[in-house]
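Here the structure is a predicted model, which is why all the values come from computation and not from measurement. Chain letters run A, B, ... following the sequence lines, proteins first and then strands; every chain starts at 1.
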Amino acid sequence: MLKEPAIFAQLIQSYARSGKLEKGRQLHAHLVTSYGTPSTFVANHLLNMYAKCGDLAHAVALFDQMPQRNLVSWTTMITGFSQNDRFPEAIQTFSSMCAAGIRPTQFAFSSAVQASAALGWLASGRQLHCVSLKLGLDAERFVGSNLADMYSKCFCLPDACRVFKGVSEKDEVSWAAMIDGYAKNGEFDEALMAFQEMLQEETVAADQHVFCSALSACAGLKSEELGRKLHACVVKFGFAVGNVIMSNALTDMYSKAGEMESATRVMGTSYDGWNVVSCSSLIDGHVEGEEIEKAVSIFVECKRRGINPNEFTFSSIIKACAGQAALEQGMQLHAQVIKSGFIMDPFVCSTLIDMYGKCGLLSSSTESFHEIQSPTYIAWNSIISVLAQHGCGREAIVAFHRMVSGHVEPNHATFVSLLMACSHSGLVEQGLRFFDSMKETFGLDPREEHHSCVIDMLGRAGRLREVEEFISRMPAEPNAFGWCSLLGACRTHGKKELGELAAEKLMKLQPENSGTHVLLSTIYASEGQWEEVKAVRRLMRDRRMKKLPGLSWVEVEKKTHVFGAEDWSHPKKDEIYKKLEQLWIRIREEGYVPFTGAVARRVEESEKERLLRHHSERIAVAFALIGSPAGKPIIVKKNMRICVDCHKAIKLIAKVEGREIIVRDNARFHHFKGGACSCRDYW
DNA sequence: TTAGGGTTAG
C-alpha cells in the first residue's frame with residue numbers, strides 16, 4: 001500500500017505540467033510493481049498526466065482497469081478527449097458518466113460543450129444545455145460561456161445571446177466568446193456594440209483575445225476609420241508588440257479595408273509578422289483590390305522565406321488567377337495544391353472549380369467538381385455558378401436538384417447563381433418558380449440580389465411590362481444591379497422611356513458610374529437621336545466623368561498582356577495590326593458586314609469601321625493568334641460587355657482560323673468554335 | 001486531482 005500518496009501525486013502533477021511523459025510512465029510502472037494497483041486518487045493524477053501529454057491510449061487503458069472511478073476520473077477523461085481533439089469520444093464519455101449514475105459538474109459540462117462546439121453538433125449541444133438547466137448549471141460562468149460559444153459556432157446566434165445574458169459574473173473570456181460569436185455570424189455592428197458594452201463594465205478588463213475579436217468584427221465591416229481607432233487602443237494597452245495573432249488580426253483588418261500600405265507596415269514592423277496567416281490576408285487584400293501582380297509577388301516572397309502556403313493562401317492566389325483568366329498559372333497552382341495535400345479542402349476545391357470556369361475551361365471545372373467525394377454547399381454553389389456563367393441553364397438546374405436530393409441545403413448564394421442560370425438561358429418560367437420556392441420550400445427570404453435576378457430574367461426575355469409590375473410589388477426599390485439589368489434590357493428591346501427611368505434611378509444610386517451614361521447614350525445613338533447623345537456626353541463632362549476604358553487581357557506564354565482600344569503601345573504592334581487587316585479581309589469574304597451602329601459616334605463610316613477593327617478584344621485575339629501555338633484555345637478576358645460587332649467578327653475569326661476562342665466579358669462567357677457561339681441570346 | 005475565449009476563405 002502506498003504510504004505517501006500526496007508526494008507521488010505532486011510528482012505526477014509536475015510531470016504533467018512540464019510534459020515529461022517518459023518520466024511519468026516510469027513512475028507509473030514503478031508504482032504498480034512496488035505498491036500494486038494505484039488508488040483512485042493517484043490514478044486520477046496519472047490519467048491527467050497522460051491526457052496532458054497527449055497519450056490518450058495509456059489514459060484509456062488505465063481508466064478501463066481502475067476498480068473504482070469517481071467524479072474526477074470521469075471528468076479528467078472527458079477533458080482529456082476534448083483537449084486532444086477527440087471530440088466524439090468526449091461526448092460519448094459524458095453520456096457514459098451520466099449512465100453510470102454520476103452527476104456531472106461544471107467541469108465535465110464545459111469540456112463536453114466545447115466538444116459539441118468544435119464538431120458543430122448542435123443537437124448534442126442542445127441536450128447538454130437541457131441537462132445543465134436541470135442541474136442549475138447553465139448560468140455558471142464556464143458552462144454558460146461555453147454554451148454561448150457553442151451556439152454561435154453552430155450559427156444559432158439568438159440562442160447564444162440568450163445564454164450569454166443569463167451568465168452570472170461574466171469575465172473577459174465570456175465577453176470575448178460573445179464578441180467573436182457576433183463577428184463569426186456576420187453581425188459586425190453587434191460585435192462592436194458588445195465590445196463597447198464590455199469596456200463599460202468595471203469588473204472586466206479587455207485582454208488580447210477581446211481585441212482580436214473586435215478587430216475581426218472591424219475587418220468584417222471593412223471600416224478603416226474604426227480599425228485605426230482600435231489599432232490605437234491596442235497600442236495604448238500595450239498589446240501591439242510580440243503577439244503574432246494580434247499582428248495577424250491587424251494585418252487582416254487593414255487588408256479587408258483595402259488599406260494595403262498599413263497592412264504591409266503592420267506586418268513588417270511586428271515580430272514574426274511574416275507568417276502564413278498574415279501573408280494570406282495580404283494576398284487576399286491585393287486580390288480583392290485587383291492588384292494581382294502584388295499578390296503574386298507576396299506569394300513568391302512567402303515561399304522564399306520558407307513559409308509554406310496553406311489552404312487559405314492557395315484559395316486567394318487561385319482566385320487571383322481566376323480574376324485574370326491566367327490559366328497556365330492556375331494549372332501550376334492546381335499541381336501544387338495536389339502536391340501539398342490541400343486538394344481535399346472544400347474552399348480550395350471551390351476556387352479551382354471557379355478558376356477553371358472563369359478561364360473558360362468548363363470541362364476542367366466540372367472534372368474538379370466530380371473529384372470531390374462528398375461536395376459541400378461551397379462546391380455546389382461554385383459549380384452552379386460556373387454552369388450559369390457558361391450559359392448551361394439546364395445543367396445548372398440538374399446540379400441544383402442533385403444538391404438538394406443529396407441533402408445539402410442551398411443558401412442565398414445558390415439561388416443567385418440558379419436564377420442567373422435561368423436568366424441567361426431564357427428559362428423564365430422555371431426561374432420564377434425557383435424564386436417562389438426560396439421562401440416556400442427553403443425558408444429563405446429573397447434579398448435584393450434575387451429580385452434583381454428576376455428583373456434581369458424578365459428583361460432579357462423582353463417581358464418588360466411584367467418587370468414594371470414586379471418592381472411595383474417589390475418590398476423596396478431595386479438595387480443598382482436591378483436598374484442596370486433593366487437599362488440593358490431596354491437597350492436590347494428598344495424601350496427608350498423605361499430605359500430613361502432606369503438610367504435616372506441608376507445615376508442617383510451610382511452617380512460616379514460612367515457606364516450608365518454610356519449605356520443611355522447608346523440607346524439614343526441606336527435611334528439616331530444625336531442631340532440626346534450630345535446631352536448625355538455634356539452631362540458626363542459636367543460631372544467630370546470619364547468613360548472607363550475597355551480593356552482586354554490575354555495570356556500568352558504564361559504572361560498576361562493587356563490591351564486597350566486603339567492600343568499602339570505593345571512592342572509587337574506592327575505584327576498585330578497587320579494580322580488585324582488580314583483577318584478583316586478574310587472574314588469579309590465569309591460574309592461579315594461591320595455593324596457600325598455599335599459605334600456611338602458621329603463619324604464617317606470608314607472611320608467607324610476602323611474603330612471597330614481596333615476594339616481591345618480584337619487586338620487581344622490577333623495578338624494571341626500570332627503568339628500562341630496553333631490548336632491552343634485563346635482565352636480573352638474583358639472588363640465590360642463584348643460589343644455586338646466584335647461578337648460577330650470573333651465568331652468568324654474562330655471559323656477561318658480554326659481556333660477555339662473564349663471571351664469572358666463582365667457578364668458571361670462566349671465560347672466561339674467553328675463559326676458558332678455558345679451563348680444563346682446575344683442580340 | 002477536473003474547465004472556457006483570439007487571426008486568414010467562396
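No contact: A/Lys170 has no heavy atom under 4.0 Å from any strand. Using a 4.0 Å heavy-atom cutoff across all strands shown, A/Phe239 reaches no nucleic acid atom at all. Contacts of A/Gln10 with the nucleic acid, taken as non-hydrogen atoms under 4.0 Å apart, are absent. Contacts of A/Gln114 with the nucleic acid, taken as non-hydrogen atoms under 4.0 Å apart, involve only primed sugar atoms and P, OP1 or OP2. Using a 4.0 Å heavy-atom criterion, one finds that A/Val113 contacts no nucleic acid atom at all. When heavy atoms are screened at a 4.0 angstrom cut-off, A/Gln83 is found touching the sugar-phosphate backbone but no base atom. Among the atoms of the strands shown, base atoms are found under 4.0 Å from some heavy atom of A/Asp171. Across all strands shown, A/Ser73 has no heavy atoms under 4.0 Å from either base or sugar-phosphate atoms. Looking at heavy-atom distances under 4.0 Å, A/Ser382 makes no contact with the nucleic acid at all. Using a 4.0 Å heavy-atom cutoff across all strands shown, A/Asp180 reaches sugar-phosphate atoms only and no base atom. Counting any heavy atom pair closer than 4.0 Å across all strands shown, A/Thr79 reaches sugar-phosphate atoms only and no base atom.
Running 5' to 3' along DNA chain B, contacts with non-hydrogen atoms of chain A at under 4.0 Å begin and end at B/dT1 to B/dG10.
The environment of A/Arg103 atom CZ is sparse: at most 12 non-hydrogen atoms of other residues, nucleotides or ligands sit within 6.0 angstrom.
The aromatic rings of A/Phe63 and A/Trp74 lie perpendicular to each other, with more than 60° between the two planes, well past the 30° mark. In this pair, A/His450 and A/Phe415 present their aromatic rings perpendicular. The plane angle is above 60°, beyond the 30 to 60° band.
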TODO: For A/Val210 and A/Phe237, run side-chain contact (heavy atoms from CB on, under 4.5 Å): C-alpha distance rounded to whole Å, both residues' side-chain angles, the deciding distance at 0.1 Å, then the answer.
DONE: CA-CA 12 Å; A/Val210 173; A/Phe237 276 72; over 6 Å; no

Contacts table for residues 6-19 of chain A: side-chain donor-acceptor under 3.5 angstrom, sequence neighbours left out:
from, atom 1, to, atom 2, distance (Å)
A/Ser14, OG, A/Leu11, O, 2.8
A/Ser18, OG, A/Ser14, O, 2.8

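Taking every heavy atom of both residues into account, A/Ala217 and A/Ala191 meet most closely at CB-CB, 3.6 Å. Considering all non-hydrogen atoms of both residues, A/Val408 and A/Pro375 come closest at CG2-O, 3.9 Å.
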